[in-house]
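One structure follows; several queries about it will come next.
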Amino acid sequence: MELPNLSGLADPDNVSQKGTGRFTADYINWARTLQDIRTKASGWMPEMQTDIDGNEIHKAPDGSKYLVIRFTHIDGTMTSGIPHAIMDHKMMPLAGDKVGARDVADSFVRGACKAAAALFGYAWQMWSKDDPMSREEQGDPIKEGRI
């Protein structure tokens, strides 16, 4: 089965902005994203992929937690999983007992939007924030001390 191509589907009228001052972010509400997928990629639904022990919350080597989100079609076809960190309001990863139910729920819907962009191309521009056609040529990062 071929994956849906939803690139260009996101409606600019559905873009909202949150934050003030130094931090502002454009976004499309998760419910709108999933509704667009239901109508334009019928039969595909996001789900959390379990680890080898059957846990839906994965543990990174540093102790922080993340989800792996994939889309599954009603015919049983599954996409690859896309990891998405469980983060606090400052976008810092959470570890151990710092992860609550709200963090998991918020990470799931954000991760589903991220997976939709990565797998189906839905609103990929919202995640990109940079236009590869306008990049300046970059020098050697090792010689310049950036690595």
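What you are looking at is a predicted structure, and each value in this text was computed from that prediction instead of being measured.
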**Message:** Please check this pair: side chain of D53 against backbone of N55, looking for a donor-acceptor N/O pair closer than 3.5 Å.
**Reply:** no
**Distance-minimising heavy-atom pair for P46 and I69** = CB-CG2, 4.3 Å
**Atom of D36, atom of T39 and distance for their closest heavy-atom approach** = O-OG1, 3.2 Å
**Asked** Say you draw a straight line from OG1 of T79 to CD of Q49; how long is it, rounded to the nearest 0.5 Å?
**Response** 8.0 Å
**Asked** Can you tell me how far the CG atom of L6 sits from the CZ atom of F120, to the nearest 0.5 Å?
**Response** 6.5 Å
**Message:** Test side-chain hydrogen bond (donor to acceptor under 3.5 Å, both in side chains) on Q35 and R38; report intermediate values, then the result.
**Reply:** CA-CA 5 Å; Q35 178 60 22; R38 273 190 298 280; 2.9 Å; yes
**Heavy-atom check, side chain of Y122 versus side chain of I28, under 4.5 Å** = yes
**Hydrophobic cluster identity match, Y27 and W124, side-chain contacts under 4.5 Å** = no
**Message:** Using every non-hydrogen atom in the two residues, find where Y66 and A85 come nearest and quote the distance to one decimal.
**Reply:** CB-CA, 3.7 Å
**Request:** To the nearest 0.5 angstrom, please state how far the OG1 atom of T33 sits from the CG atom of N14.
**Result:** 8.5 Å
**Request:** Could you tell me the separation between the NZ atom of K98 and the OG atom of S64, rounded to the nearest 0.5 Å?
**Result:** 14.0 Å
**Prompt:** Can you tell me how far CZ of F108 sits from SG of C113, rounded to the nearest 0.5 angstrom?
**Reply:** 9.5 Å
**Minimal non-hydrogen separation, G81 against R70, with atom names** = CA-CB, 4.0 Å
**Request:** Spell out, yes or no, whether M87 and V104 are grouped together once hydrophobic residues are joined by side-chain heavy atoms under 4.5 Å, including indirect joins.
**Result:** no
**Verdict with supporting geometry, D106 and W30, side chain to side chain contact (heavy atoms under 4.5 Å, CB included)** = CA-CA 10 Å; D106 288 353; W30 65 267; over 6 Å; no
**Complete:** Between T50 and H58, the two heavy atoms sitting closest are C-CE1, 3.7 Å
**Message:** Rounded to the nearest 0.5 Å, what separates atom CG in D13 from atom CZ in R32?
**Reply:** 10.5 Å
**Prompt:** Are V68 and I57 grouped together when hydrophobic residues (ILVMFWY) are joined by side-chain heavy atoms under 4.5 angstrom apart?
**Reply:** no
**Item:** Closest heavy-atom pair and its distance - P12, A10
**Value:** CD-O, 3.5 Å
